[in-house]
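Working notes, structure below.
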2 protein chains.
Amino acid sequence: MKYNKDTSEKILKAANIEFEEKGYNGARMQAIADRAGINKALLHYYYKSKDVLFQLIIKEAFTIFIPRIMDVFKEDSDIFTTIRKFVDNYIDIYIKHPRIPAFITQEINNNPDRLVYLLHSKGLNTDMFIKKIEKAIDEEQIKNTDPKQLLLNIISLCLFPFIARPIVTELILDGSKEKYNKLIKERKKEVAEFIINAIKK
Amino acid sequence: MKYNKDTSEKILKAANIEFEEKGYNGARMQAIADRAGINKALLHYYYKSKDVLFQLIIKEAFTIFIPRIMDVFKEDSDIFTTIRKFVDNYIDIYIKHPRIPAFITQEINNNPDRLVYLLHSKGLNTDMFIKKIEKAIDEEQIKNTDPKQLLLNIISLCLFPFIARPIVTELILDGSKEKYNKLIKERKKEVAEFIINAIKK
DNA sequence: GTCTATAAATTGATAGAC
DNA sequence: GTCTATCAATTTATAGAC
């Protein structure tokens, strides 16, 4: 079997868009073929089944969704600098890949048993975060807080606007996409300062 | 045409579960019939098509998702009491209907053009919120903040744990459902105080 | 009203020509 | 490698008996 690299890449790109937009159940092989500018038969020649193609796409999506970002909590900067850095890097990733959070959330909700393992395989380690927060509490730099609630707060603030883009746009921005983009841009600073104000003594 | 009320209610209940669990594209009429303890033919006798059934279910879901809750911002309690009350009521709704946020988010992401209008028809009015925040800023009760960012922060903190339950459970709670339930219970107070600390002068 | 049987439509996948 | 044509499986929807 021989493959044309250009064609195989066109397919992956098309599949990415189709799956992210419609989810596994809503995606159509015909639509992927159309987007790639080929026909279904050729699509199956390159990727044997819808499932095989989906596995490739979603595994790639997971590595983007769970970046090696907890490492900033290893550095010995003070807790506020660390949080600013974390939020900044974290939101930046989703600005670059805005449809990943909704895609992952949908698929994992529809099929938790088959997909949760991918959350671990990417090796997100929350221990460093927890420890750094506990240390900051001990040293009275921040208020006494449940580190897990705090982590959940941070992730909520960073991820939600991407997971629920149409809802946010429609509900608080009069359906204006321009306003949404502006809001997101300003968000890195907003979120970091909001968190820091909430926890500092 | 004559209908048995008990049967029609059994169907609606079954359809609710099936649609919420699998989404429109993943739901199967056969599965709904099975859950309701009837067969497909009878299901179609009561509800002409999958689409008709889905419309009923999702419209009901929207009215739960967007409750008449902004009214608390009309009351003349101080801003902190109001926020506490809002968060408390808001989270309570999703504790009672834990699968609604993920369901609505998924469907609206998959089909924004056909569904966003339902966000408005339920009449969530953010004006009262914005005004109350602006007043509190004027009177120097809270820091100078963009009211829309603040509203987004509040909604993010309340909704995200329900939209992304399996992710939260797996990523920060070692996959323990008990820990998740405990976390959610403690969350009403946590979120309210987090927000207040973030904005108070 | 409720059922069994079957039609009709959709969609993933394959055969075979070029 | 890429195509047209077709199959096979799944799933929504209907016909008709009781």
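Both backbone and side-chain heavy atoms feed into the values below; hydrogens, waters and symmetry mates do not. Note on naming: letters A, B, ... go to the chains in the order of the sequence lines (proteins, then strands), and numbering restarts at 1 for each one.
Closest to the B:K50 side chain, of the nucleotides D:dC3, D:dA13, C:dT2, is D:dA13. Among C:dT4, C:dG12, C:dT2, the nucleotide with an atom closest to any side-chain atom of B:Y45 is C:dT2. Listed nucleotides: C:dC3, D:dT2, D:dC3. Nearest to the side chain of A:Y46: D:dT2. Of the listed nucleotides (D:dT12, C:dA15, D:dT2), C:dA15 has the atom at the smallest distance from the side chain of A:A41.
Put simply, CE on A:M29 is 20 Å from P on D:dC7, counting in whole angstrom units. Nucleotide D:dT10 holds its C1' atom 14 Å from the CG atom of B:N25, rounded to whole Å. In this structure, the CD atom of B:Q30 is 15 Å from the C1' atom of D:dT14, given to the nearest Å. Straight-line distance from the CD1 atom of B:I38 to the C1' atom of D:dA13: 14 Å, rounded to whole Å. Rounded to whole Å, atom P of C:dA13 lies 14 Å from atom CZ of A:F54. Going from atom OH of A:Y24 over to atom C1' of D:dT10 covers 12 Å, rounded to whole Å. For the pair B:L42 CG and D:dG16 P, the computed distance is 18 Å after rounding to whole Å. Atom CG of B:D51 is separated from atom P of C:dT10 by 13 Å (rounded to the nearest Å).
Listed pair A:T7 / D:dT2 meets the phosphate criterion, a side-chain N or O lying under 4.0 Å from OP1 or OP2. Contact between the side-chain N/O atoms of A:H44 and the OP1/OP2 oxygens of C:dT14 is not found at any separation under 4.0 Å. Checking the phosphate oxygens (OP1, OP2) of D:dT10, no side-chain nitrogen or oxygen of B:R28 falls inside 4.0 Å. Taking 4.0 angstrom as the limit, B:K40 places none of its side-chain polar atoms (N or O) nearer than this to OP1 or OP2 of D:dT14. Within the structure, a side-chain polar atom (N or O) of A:N39 is placed less than 4.0 Å from OP1 or OP2 of D:dC3.
Side-chain atoms of A:T82 never come within 3.5 Å of backbone atoms of A:F80 as a donor-acceptor pair (strictly under, hydrogens ignored). In this structure a side-chain-to-backbone donor-acceptor pair under 3.5 Å is missing from A:S176 to A:L173.
Residue A:A27 is classed as a sugar-phosphate contact, given heavy-atom separations below 4.0 Å to backbone atoms only.
Expressed to the nearest 0.5 Å, how far CG of B:L150 lies from CD1 of B:I199 amounts to 5.5 Å.
Ring geometry for B:F19 versus B:F54: interplanar angle over 60°, hence perpendicular rather than tilted (30 to 60°). Note: A:F65 and A:Y94 have tilted aromatic rings, judged against thresholds of 30 and 60 degrees for the angle between ring planes.
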